[in-house]
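Letters go in sequence order (proteins before strands), and every chain restarts at 1.
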Amino acid sequence: MVKDIATARNDFPILSQQINGQPLTYLDNAATTQKPRSVIDALTHYYEFDNANIHRGVYTLAERATEQYEQVRQQVADFIHADRDEIVFTRGTTTSLNWIALGFGAQVLQPGDDIIITVMEHHSNLVPWQQVALQTGANLRYVELTADGELDLAQYRQLLSKKTKIVAFTHVSNVLGTINPVQLMTQLAHEVGAYVVVDGAQAVGHFPVDMTSLDCDFYAFSGHKVYGPTGVGVLYGKREWLKKMNPVEFGGEMINLVQREITDFKAAPEKFEAGTMPIAQVIGLGAALTYIQKIGWSTIETQERRVTAAAYQLLKEIPGVEIYGPEMGPHRSALVTFNLKGVHPHDLATVLDTQGVAVRAGHHCAQPLMQTLGVSATTRASFGLYNQLSDVKRLAAAVRAAKEFFQV
Amino acid sequence: MVKDIATARNDFPILSQQINGQPLTYLDNAATTQKPRSVIDALTHYYEFDNANIHRGVYTLAERATEQYEQVRQQVADFIHADRDEIVFTRGTTTSLNWIALGFGAQVLQPGDDIIITVMEHHSNLVPWQQVALQTGANLRYVELTADGELDLAQYRQLLSKKTKIVAFTHVSNVLGTINPVQLMTQLAHEVGAYVVVDGAQAVGHFPVDMTSLDCDFYAFSGHKVYGPTGVGVLYGKREWLKKMNPVEFGGEMINLVQREITDFKAAPEKFEAGTMPIAQVIGLGAALTYIQKIGWSTIETQERRVTAAAYQLLKEIPGVEIYGPEMGPHRSALVTFNLKGVHPHDLATVLDTQGVAVRAGHHCAQPLMQTLGVSATTRASFGLYNQLSDVKRLAAAVRAAKEFFQV
Amino acid sequence: MNLGHLSDLYRQLILDHAQHPHHRGQLATANQTVNLNNPTCGDVIELSVELKNDRVADIAFNGDGCSISQASASMMTDLVKGQPIAQVRAEIATFLEMLMNDPEVEGADELGDAAILATVVKFPARIKCATLAWKALEQALGEAQQHE
Amino acid sequence: MNLGHLSDLYRQLILDHAQHPHHRGQLATANQTVNLNNPTCGDVIELSVELKNDRVADIAFNGDGCSISQASASMMTDLVKGQPIAQVRAEIATFLEMLMNDPEVEGADELGDAAILATVVKFPARIKCATLAWKALEQALGEAQQHE
Ligand SMILES: Cc1ncc(COP(=O)(O)O)c(C=O)c1O
Ligand SMILES: Cc1ncc(COP(=O)(O)O)c(C=O)c1O
C-alpha cells in the first residue's frame, strides 16, 4: 500500500507542535527522527499488555514478549535481506560498531596490519578503530576526499594491500550526504582478503539496503534514526563471522552453561545478547519498520529527493551560502550541510530556532572531516519522509532573515 | 505523600488483565517489574513533545530533551545519595557490571591478584569477572553459603588478603532473597585495600539504598526492575574511580577532541556515554523513581514484607514444599524460591500459569548457586509494591492444585 | 480449581513416561554421547547411542528435566531403538516439524507414543522441553556422520 | 519575518565585540596558556595570560567561535587586564553564577560590558558559548596557582 506522503506528517504527533510561536520545522533527522503514532502505540501496548522478561519464563506474558521480540529479529532480517541468526540487537550504531571492533577486529588484527577508514567517518566509526589500532599495533589509514566531496577511490585502491585486514566506512556521510559505493568498495576489499564493516546509521530508512547485494561482512544501524525508539540498534554480521566474533558483554541469557571457572556460550545471535535486552524498544523498532514499509520505498525516496533538491537549490541561491559535499544527484542522500559566510553556525541555528526551524550546528561528531574541510563547524538540514517543500521554504527564508539580521 | 497501597495496583494498566481466564497474578518482579501509567505517559509525552538528540543541538527541542535527561541524572544521584557526576547511564545492570570489570577491573588487576565473588551471584556479576580473571591472570575466589542461605562471613574474612583487589557481590540474591551486609563487607574489603563492586539489581526499588553509608566503590542497577522502561541502567562509581576508569565504548559525544590518530575524552560521566543514549528510557526511569517516592519507602517496605511473609508461611505449610534461602526475617528480601517435591519447576510453572499466576522456573541465571543447592531448577515468586495478600493466596492455592494434579 | 485444560498437556501417557522413563541410564557400548541443555530452564540430557550396521543398535539417556522433556526422551528412545539411521533421521525431522511448525505434519502417526506430544504446541513455552532429546539425537547422528 | 526576540541576545554591544574583538592574538610574554573547547559545537579558545606581581598583567585570545563566545572573550579580556588575580577570580565566579544560576547575581554590575551577557540565560543552548573564555581563564589561574 502506498500512502499519500502529504498526510504522512499527520502520523507524527510531535510535528503538530509550535516552537517559539511557529510551526515546528524539524530538520535534524540525521541526529534523530521523530516517531509515528504507531511506534508510540506499540510501546504503550507492550507495557500495558505484554511486558515480561523474555526467553526466561514459561508463563503467558513471557511467551508473548519473547515471541514478539523474536518476530522483530526476523522482520529486521527480512528488511535488510539477511537471516535471523545474523541479526544482533544492541543499544545503537555506536555499540554495534564498538562490538565489531572489540569482539572481531581485535581478534583478527596483528601488529603491522592495516585498518582502512575514511576521513568522513562519524566518531562512532572512527574512535573504536583508533583504539583497536592502539591496542593491537595495527595502523589506521584514511581514505581522503575528492574535490567534490566523495571518497577518493583511486587512493582507496592504492591503500588496499595484503596488509589490509579491515575496511570500515560509512554508507552515507552524516555531514556531506555522500552515498558511498558500498558494493564496489566491498568487492575491492574482499579481493585483498579484508573484512568490510559498514556504518549504515544514515542509510537505513532512506532507501532499501540489501545485505546480499552489498555483500559487506558487518553492518550497523540505530533504531532512533529510522523512526523507532531510542535505546536500540542492530548489528548485522555474516553468519560465519558472528560465529567467530567474541561477545563483548557477559551475563544472563547468553550462556549455555556457567560453572565456577568456565562458561560455555550460546551460538550467535544469542551469545551477544547478555542480560535483559531493550525489549520494548526492539518491539518499537518492529513497528517503525512496518511503518516504513507501509509508506513504501518509492514514495520515501521520491519525496526525500524532491525535498533535498529543493533545499540544495534554495540555499545555493542565497549569496554567501557555501554547501559542502557532492552536487545534487544520485550520490547525495537526504541532507544539506552549509555555512553562511560571516555568521557562525551556532548563531545561525539560534536565529533559525526562533523561526521554529530545528537544524544542527557544530562538528556533527566528525571533527577530522571538519579539519579536512577547513571549517570548525557547519550547519546541517537533514530530512525525513515527513518533510515537505514548505519546510524547505521556511528554512531558506530563515537563512535569508539571519543574513539580514547580522547584516552580512 | 503516602499513597494507599491497596490502590497502587490500579496504577499499573497491565495488572487489570486476565490471563487464561484468571486475573493476572504477576509474581515475576525479580525478572522485570510492571510499569505504572505515569512511566508509560512520560515515554509517550517525550516522543510526542520533546524528542530530539541531546547535548547536540542549539534548538528548543534539543535543549528540552537535554535538560530532562540531565535532570534525571541529578534525580538518580539524589535517589541513591551520590553526586551527579558519579552517575553513568547504561543499558542495564549487565552492561554496568561489564564496564566496571573491563574498564576498571582489567586496569587494576595483576596476575596472581584475587577477585572475590560469591556463589550466589547472578551470571551478570559472575561471567564478567571470570572473563577478566582469564584475561588478567587474576584468581577468582568464591564466598560460600552458610546452612541457612547467607554468605559465610567467616570464610569471607579468611579469603580477604593483601592479594584481594576486587570484591564483587550482590546486594540481594535473586534466588535466595538474602540481603547481604554490604556495609560490613565493604569495610572489611577496604581494610585490605580492595575495591568493592555491588550488584544492586534486586535491591533498588525495594528499600532505600544510600551510597554514602554503604561506601562501596561501584554500584549497578536496572531501570526495568524499578518500574522503569527496559533499555536503561545505572552505573554508580565514586568520583575518583570513574576518573580512573576507562571508557569501554567509543563514539560521538564522549570526546573533547578527535584527531586522526588520537582522541581526548571528556570527564566522567560523559566519557562513558558514547553515541546516542537511551534518552526516552532515562526520562522514563526518572518518572519511575518519582513514582516510588510518591508511594514512599515505608509503605513499600511494609507491604512487601507483609506479602513475602505470607508467601513464606503459606508455601511452607504445603507438604512437599522446600523453600531456599534464609528464614523469613530482616535478611530476606521480597521473594520466595521453592520446589514442590516430585514436580519439576517447569511443570509447576505451567500449572500456575493456567491459573493466571506468573512465576519464574529455572536456574534464574545463577547456575553455580543451583549446583551448590544441589538442584537443577527452582520456582520463584518475587514481589513488587503492587502485590497483595490475595496474590499470595492464589499462588498457594495453585501450588496445592498442582500437587493434586500430579498426585504427589 | 479447574485444571481441565492442563490435561491436554499432561496426558496420562506423558505422565506415565515421565514417571517411569524407558531406557534411562548410560550405555557401556555407546560410540556416540551428546550432552545438551535447555539454557532457559537448566534441563540437561546426556544421550548415549550405540550405532552399528547403520542402525541405532542401542540408546539410553540420563539427565534431569521436567516431565515433558523426560517423557519425550523416553518416547524417543522407544521409537528409534533398533531402527536404521536413515529412518531415524526422517523421524527426527518429522517430530521437529510437528512441534515447531505443523502439529498435523504428515508422518506424525509413525512417531509411536511421541505423536501425542503434538499437544505441546499449545504451550509454546514448553516446546523446547519436548524437542531437547530429539535435538541431542540429531547431533549424535550428525557427529557420527562427520566421523565416518 | 519577526526577529525582535533575537535582539535580546544579539545586542549591539555584543555584535560590536564579536565583529571587532579586543585583545585577539597571542602574547609573546605569556606565562600561562590554555586551550579549551566546547565539544558540543567545536568552538575553540586559546588563551594566553601574563601573570606578574599577582596581577593579570596582560591577556590575549585566539580561536574560533560563534559571536557569543567571541564577544564574551573580548569583554572578559577588557575587564581583567591589569587587575589583581584575586579580584579576577571573584569576577569569574560572579560571571559563572550569573549565567548558570542567577542572572541577577550580586556584583554583576562590576563585570563591565560582560554584564550584558546575562541576557544569554534566556537561550540555554548558548550558555556554554558565553562561559568558554571564562572557564579557560579560571583554568589558567588554577594552573598558575599549582605552579607556585
Ligand atoms: C542479582 C541480579 N543481577 C543482575 C541482573 C541483570 O540485570 P539486567 O538483566 O537488567 O542486566 C539481574 C536480573 O536478572 C539480577 O537479578
Ligand atoms: C554516520 C553515523 N554513524 C554513527 C552514528 C551514531 O549513531 P548512534 O548515536 O545512534 O549510536 C551516527 C549518528 O549520530 C551517524 O550519523
Contacting region of R64(A) [heavy-atom separation from chain B under 4.5 Å]
side chain
Any salt bridge linking E261(A) with R141(B)? Criterion: basic side-chain nitrogen under 4.0 Å from a carboxylate oxygen.
no
Applying the side chain to side chain contact (heavy atoms under 4.5 Å, CB included) criterion to Y59(B), which one of D28(A), L352(A), I19(A) satisfies it?
D28(A)
Is E121(A) close to chain B through its backbone or its side chain, or both, or neither, when contacts mean heavy atoms under 4.5 Å?
neither
Checking the side chain of D353(B) only, and the main-chain atoms of T60(A) only, is there a donor and an acceptor separated by less than 3.5 Å?
yes
Is it the backbone or the side chain of F89(A) that comes under 4.5 Å from a heavy atom of chain B, or both, or neither?
neither
Less than 4.5 Å to any heavy atom of chain B: does that hold for the side chain of T379(A), its backbone, both, or neither?
neither
Can you tell which part of L15(A) gets under 4.5 Å to a heavy atom of chain B, answering side chain, backbone, both or neither?
neither
Test your reading of the model: is there a side-chain donor-acceptor pair from E48(A) to the backbone of P13(B), 3.5 Å cut-off?
no
Between chain A and each of I262(B), V248(B), V282(B), count heavy-atom pairs under 4.5 Å; write down the option with the most.
I262(B)
Chain A heavy atoms under 4.5 Å from V232(B): which part of the residue, side chain, backbone, both or neither?
neither
Using a strict threshold of under 4.0 Å (side-chain N to carboxylate O), is an ion pair present between R91(A) and E273(B)?
no
Mind checking what makes salt bridge (charged side-chain N to carboxylate O under 4.0 Å, His left out) contact with D199(B), not counting sequence neighbours?
none
With only heavy atoms counted, which part of Y47(A) is less than 4.5 Å from chain B, the side chain, the backbone, both or neither?
both
Residue part contacting chain A, namely of S96(B), when any heavy atom lies under 4.5 Å:
neither
Which answer fits L97(A), side chain, backbone, both or neither, if we ask what part of it has an atom under 4.5 Å from a heavy atom of chain B?
neither
Report which part of N98(A) has an atom under 4.5 Å of a heavy atom belonging to chain B: side chain, backbone, both, or neither.
side chain
Between T263(A) and Q130(B), do the side chains contain an N or O donor and an N or O acceptor separated by less than 3.5 Å?
yes
Side chain, backbone, both or neither: which part of M254(A) has a non-hydrogen atom closer than 4.5 Å to chain B?
neither
Counting N and O atoms only, with roles assigned by atom type, does the side chain of Q281(A) sit under 3.5 Å from a partner on the main chain of T230(B), one being a donor and the other an acceptor?
yes
Does any pair with a residue in residues 13-39 of chain B pass ring-ring contact (aromatic ring centres under 6.0 Å, His included), and if so which ones, sequence neighbours excluded?
none
Measuring heavy-atom distances to chain B, does Q131(A) have an atom under 4.5 Å in its side chain, in its backbone, in both, or in neither?
side chain
Part of L102(A) lying under 4.5 Å from any heavy atom of chain B
side chain
Can you check whether T33(B)'s main-chain N or O pairs, donor with acceptor, with N51(A)'s side chain at less than 3.5 Å?
yes
